[in-house]
Amino acid sequence: MISKINHIGIAVKSLEEQIPFYRDILNLKFEGTEEVPDQKVKVAMFQVGEVRIELLEPTSEKSPIARFIDKKGQGMHHIAYESNDIEKEIEQAAGKGIKMIDKEPRDGAHNTKIAFMHPRSTGKVLTEICQSNK
Ligand code: ZN
């Protein structure tokens, strides 16, 4: 079951350039950075209530984030919903015709399992389901 929004992902060219806005202007709680080799990104995380803002900087030109920035520029990239059973969410969505980018959960930042749904199936919003590994 999906219970809440876990995080909002924002594509940036440079964490160094964008971190000060969230940390020093919005005064959000900065939780540090983490590299996610699987997605070829470096992530900076901020906590706002129960939601996290994740800034995503590509670490390679082959990163999906690099391709996104090339096509659309920096900005909102995805919304991630938290579920307590990611495999069930995938099965259910795929069963109803949603195109899954990930048919199996994979490792995300912050000790989570994640799966993306294709924006073509979701009204153009790249949608992520995540579940924390407890
Ligand atoms: Zn995400």
Side-chain angles (χ1 to χ4, degrees):
M1 193 185 75
I2 289 174
S3 53
K4 61 181 181 183
I5 290 179
N6 180 280
H7 64 270
I8 296 171
I10 298 172
V12 303
K13 285 181 186 162
S14 159
L15 289 183
E16 204 184 324
E17 273 175 30
Q18 286 305 315
I19 283 172
F21 171 72
Y22 294 91
R23 187 190 54 200
D24 307 330
I25 308 292
L26 299 182
N27 291 305
L28 306 186
K29 188 175 162 226
F30 180 45
E31 293 191 309
T33 61
E34 182 183 338
E35 204 161 323
V36 186
D38 200 40
Q39 294 171 77
K40 301 185 181 69
V41 288
K42 215 160 93 186
V43 183
M45 282 164 286
F46 300 87
Q47 187 86 41
V48 203
E50 286 193 47
V51 178
R52 216 176 258 132
I53 301 293
E54 290 190 356
L55 306 184
L56 307 154
E57 178 196 288
T59 53
S60 149
E61 284 179 12
K62 286 181 187 143
S63 165
I65 298 296
R67 289 201 300 267
F68 178 89
I69 292 173
D70 277 350
K71 267 209 276 195
K72 303 189 175 168
Q74 304 189 92
M76 263 285 302
H77 182 259
H78 67 272
I79 296 182
Y81 296 91
E82 187 169 318
S83 170
N84 57 3
D85 189 347
I86 190 169
E87 280 161 24
K88 197 169 154 197
E89 306 296 346
I90 294 172
E91 191 189 308
Q92 188 178 273
K96 290 179 177 165
I98 299 296
K99 188 171 188 272
M100 296 300 304
I101 293 173
D102 302 299
K103 294 188 178 81
E104 302 283 335
R106 60 185 158 111
D107 292 333
H110 228 82
N111 195 26
T112 54
K113 289 256 177 288
I114 63 171
F116 282 98
M117 298 177 178
H118 200 286
R120 233 180 282 146
S121 291
T122 62
K124 298 265 192 232
V125 180
L126 179 58
T127 301
E128 175 187 338
I129 306 298
C130 68
Q131 180 177 10
S132 55
N133 293 317
K134 277 173 196 153

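Counting starts at 1 for both ligands and their atoms, following the listed order.
With sequence neighbours excluded, the residues satisfying side-chain contact (heavy atoms from CB on, under 4.5 Å) with Lys62 are Lys40, Ser60. Applying the ring pair (Phe, Tyr, Trp, His ring centres under 6.0 Å) rule to His77 yields the partners Phe68; only residues at least two apart in sequence or on another chain are considered.
The ring pair (Phe, Tyr, Trp, His ring centres under 6.0 Å) contacts involving residues 23-43 comprise Phe30-Phe46, where partners must be two or more places apart or lie in separate chains.
At a cut-off of 3.5 Å, with distance as the only test, no side-chain donor of Glu82 or Ser3 sits close to an acceptor on the other residue.
Atoms of the protein (N, O or S only) found under 2.8 Å from the Zn ion (ligand 1) are His7 NE2, His78 NE2, Glu128 OE1.
For the salt bridge (Lys or Arg N to Asp or Glu O under 4.0 Å) criterion with Lys113, the lone passing option out of Asp107, Asp85, Asp38 is Asp107.
Looking only at distances, no side-chain donor or acceptor of Ser83 sits under 3.5 Å from a matching main-chain atom of Ile2.
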